[in-house]
Amino acid sequence: MNHRQELQNSKRIVVKVGTSTLTYDNGDINLARIEKLACVLSDLMNAGKEVVLVTSGAVQVGVKKLKLKEKPTSIREKQAAASVGQCELMHIYSKFFGEYSHIVGQVLLTKDVIEDEHVRNNVVNTFEKLIEDKVIPIVNENDTVAIDEIENIVRFGDNDNLSAIVSVLIHADLLVILSDIDGFFDSDPTKNPNSKLMKVIDGITPELENFAGDSGTDVGTGGMVTKLTAAKTATSAGVSLILANGKEPSILRDIIEGQEIGTLFLKQAEGVMK
């Protein structure tokens, strides 16, 4: 059995969707895509998988809900938009997952989840109870309290790194990051037409880090650098990671079936937390 086929045995799966996956180029919510995502994840649950969804998009959804002409620049404006957007985002998720007879639960995290052991244990217990009750945890950074992603200082990177941290905390088997790019390339495919998709990566090297560029879209905060950081976090703890294009959420089924989609970052040995 090759590495791709081994993904079929993944029981606990974390799926991360970025702002660019949830919205159109104009910033409006892509309801059709979110509904497809809810359908696919619900179907994976029906097949016996355990699913956790890490989502971005609260600020952008809030911007549209508040009918702001442009994305706010100050922290207080961004946090206000996140507050409104998070409610709207959860309403949308709850509605679509409810159509497929699944319940969702909101989990908002800040970076102290990894810095404070007591907080970390409480978070893990919450995840385990939600999963035990067949509830789909929907995770986002608590943007109204935390400013790390909003200021882009610690570079949670549109929740790429947050999704990796969650994967490690709950001992996931697989993390799938759905982005606006087909995978990890040896150079920027938007600038180099001869760039090649790297189908399998075994270990994060300085050379790979040099390949990574800046954030590619206006609506998100995550670039390839943060995705590599997320891959390093996840794989070093024994979690396999797939980076793929989220334009068509149905590819999640194909990934779980072992088809060669996106870039597979191989988990390293048994992992430091396994």
Between [X] and [Y], is there a donor-acceptor pair closer than 3.5 Å when you use the side chain of the first and the backbone of the second?
{"X": "Thr23", "Y": "Thr19", "value": "yes"}
{"X": "Asn125", "Y": "Asn121", "value": "yes"}
{"X": "Thr126", "Y": "Asn122", "value": "yes"}
{"X": "Asp254", "Y": "Gln259", "value": "no"}
{"X": "Arg4", "Y": "Ile255", "value": "no"}
{"X": "Ser83", "Y": "Gln79", "value": "no"}
{"X": "Ser195", "Y": "Asn192", "value": "yes"}
{"X": "Asn159", "Y": "Leu162", "value": "no"}
{"X": "Thr263", "Y": "Val200", "value": "no"}

Compare all side-chain heavy atoms of [X] with those of [Y] and state whether any distance is below 4.5 angstrom.
{"X": "Val54", "Y": "Val14", "result": "yes"}
{"X": "Leu109", "Y": "Asn142", "result": "no"}
{"X": "Leu243", "Y": "Leu178", "result": "no"}
{"X": "Val139", "Y": "Thr55", "result": "no"}
{"X": "His171", "Y": "Val239", "result": "no"}
{"X": "Leu174", "Y": "Ile256", "result": "yes"}
{"X": "Ile136", "Y": "Tyr93", "result": "no"}
{"X": "Glu35", "Y": "Tyr100", "result": "yes"}

Practice item. Decide whether Asp180 and Asn245 meet the rule of one side-chain donor and one side-chain acceptor closer than 3.5 Å. Key: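 No, no side-chain donor-acceptor pair sits under 3.5 Å.
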Review point. Going by atom types only, do Gln86 and Gln106 share a side-chain donor-acceptor pair under 3.5 Å?
Key: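 There is such a pair (donor and acceptor under 3.5 Å, judged by atom type) between the side chains of Gln86 and Gln106.
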**Study point:** Check against side chain to side chain contact (heavy atoms under 4.5 Å, CB included), Arg33 and Thr21
**Key:** CA-CA 8 Å; Arg33 188 174 291 162; Thr21 299; 3.8 Å; yes
Exercise for review: Not counting sequence neighbours, which residues clear side chain to side chain contact (heavy atoms under 4.5 Å, CB included) with Glu70? List them please.
Suggested key: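 So Glu70 forms no side chain to side chain contact (heavy atoms under 4.5 Å, CB included) with any residue.
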Practice item. Not counting sequence neighbours, which residues clear side chain to side chain contact (heavy atoms under 4.5 Å, CB included) with Leu31? List them please. Key: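 Partners of Leu31 under the side chain to side chain contact (heavy atoms under 4.5 Å, CB included) test: Ile29, Ile92, Phe96.
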Please identify each residue that fulfils salt bridge (Lys or Arg N to Asp or Glu O under 4.0 Å) with [X], with sequence neighbours left out.
{"X": "Glu88", "result": "Lys65"}
{"X": "Glu248", "result": "Lys36"}
{"X": "Asp202", "result": "none"}

For the student: nearest non-hydrogen atoms of [X] and [Y], plus distance:
{"X": "Leu89", "Y": "Ser56", "answer": "CD2-O, 3.4 Å"}
{"X": "Pro137", "Y": "Ile131", "answer": "CG-CG1, 4.4 Å"}
{"X": "Gly203", "Y": "Gln268", "answer": "N-NE2, 3.6 Å"}
{"X": "Lys227", "Y": "Ser179", "answer": "CE-OG, 3.4 Å"}
{"X": "Pro189", "Y": "Ile181", "answer": "CG-CD1, 3.8 Å"}
{"X": "Leu197", "Y": "Gly262", "answer": "CD2-O, 4.2 Å"}

From [X] [atom1] over to [Y] [atom2], what is the distance, rounded to the nearest 0.5 angstrom?
{"X": "Ile261", "Y": "Asp182", "atom1": "CD1", "atom2": "CG", "value": "10.5 Å"}
{"X": "Asn2", "Y": "Glu260", "atom1": "CG", "atom2": "CD", "value": "8.5 Å"}
{"X": "Met90", "Y": "Ile138", "atom1": "CE", "atom2": "CD1", "value": "4.5 Å"}
{"X": "Leu264", "Y": "Ile242", "atom1": "CG", "atom2": "CD1", "value": "4.5 Å"}
{"X": "Phe184", "Y": "Ile177", "atom1": "CZ", "atom2": "CD1", "value": "12.0 Å"}
{"X": "Ile165", "Y": "Ser167", "atom1": "CD1", "atom2": "OG", "value": "9.5 Å"}

**Study point:** Crowding at CD1, Ile103 (>12 non-hydrogen neighbours, <6.0 Å)
**Key:**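 It does not: Ile103 CD1 has 12 such atoms or fewer within range.
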Practice item. Tell me, yes or no, whether the heavy-atom count around Glu132 atom CD, taken from other residues, nucleotides or ligands under 6.0 Å, exceeds 12. Key: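 Correct, the count exceeds 12.
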Is a salt bridge present between [X] and [Y], judged by a nitrogen-to-oxygen distance below 4.0 Å?
{"X": "Asp186", "Y": "Lys196", "result": "no"}
{"X": "Arg120", "Y": "Asp116", "result": "no"}
{"X": "Lys16", "Y": "Asp160", "result": "yes"}
{"X": "Lys11", "Y": "Asp173", "result": "no"}

Check your understanding: Where do Ser240 and Leu7 land on the side chain to side chain contact (heavy atoms under 4.5 Å, CB included) test, with the steps shown first?
Key -> CA-CA 8 Å; Ser240 299; Leu7 299 181; 4.3 Å; yes
Practice item. Following the transitive rule for hydrophobic clusters with a side-chain heavy-atom cut-off under 4.5 Å over Ile, Leu, Val, Met, Phe, Trp and Tyr, establish whether Met198 and Leu175 coincide in one cluster. Key: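 Met198 and Leu175: one cluster.
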Point to revise | Shared hydrophobic cluster for Val135 and Val166 (ILVMFWY, side-chain gaps under 4.5 Å) | key: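 Yes, Val135 and Val166 fall within the same hydrophobic cluster.
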For residues 40-50, dump all side-chain donor-acceptor pairs below 3.5 Å to protein atoms at least two apart in sequence or in another chain.
residue: Ser42; atom: OG; partner: Ala38; partner atom: O; Å: 2.7
residue: Asp43; atom: OD2; partner: Arg253; partner atom: NE; Å: 3.4
residue: Asn46; atom: OD1; partner: His102; partner atom: NE2; Å: 2.9
residue: Lys49; atom: NZ; partner: Gln8; partner atom: O; Å: 3.0
residue: Lys49; atom: NZ; partner: Ser10; partner atom: O; Å: 2.7
residue: Glu50; atom: OE1; partner: Arg12; partner atom: NE; Å: 2.8
residue: Glu50; atom: OE1; partner: Arg12; partner atom: NH2; Å: 3.1

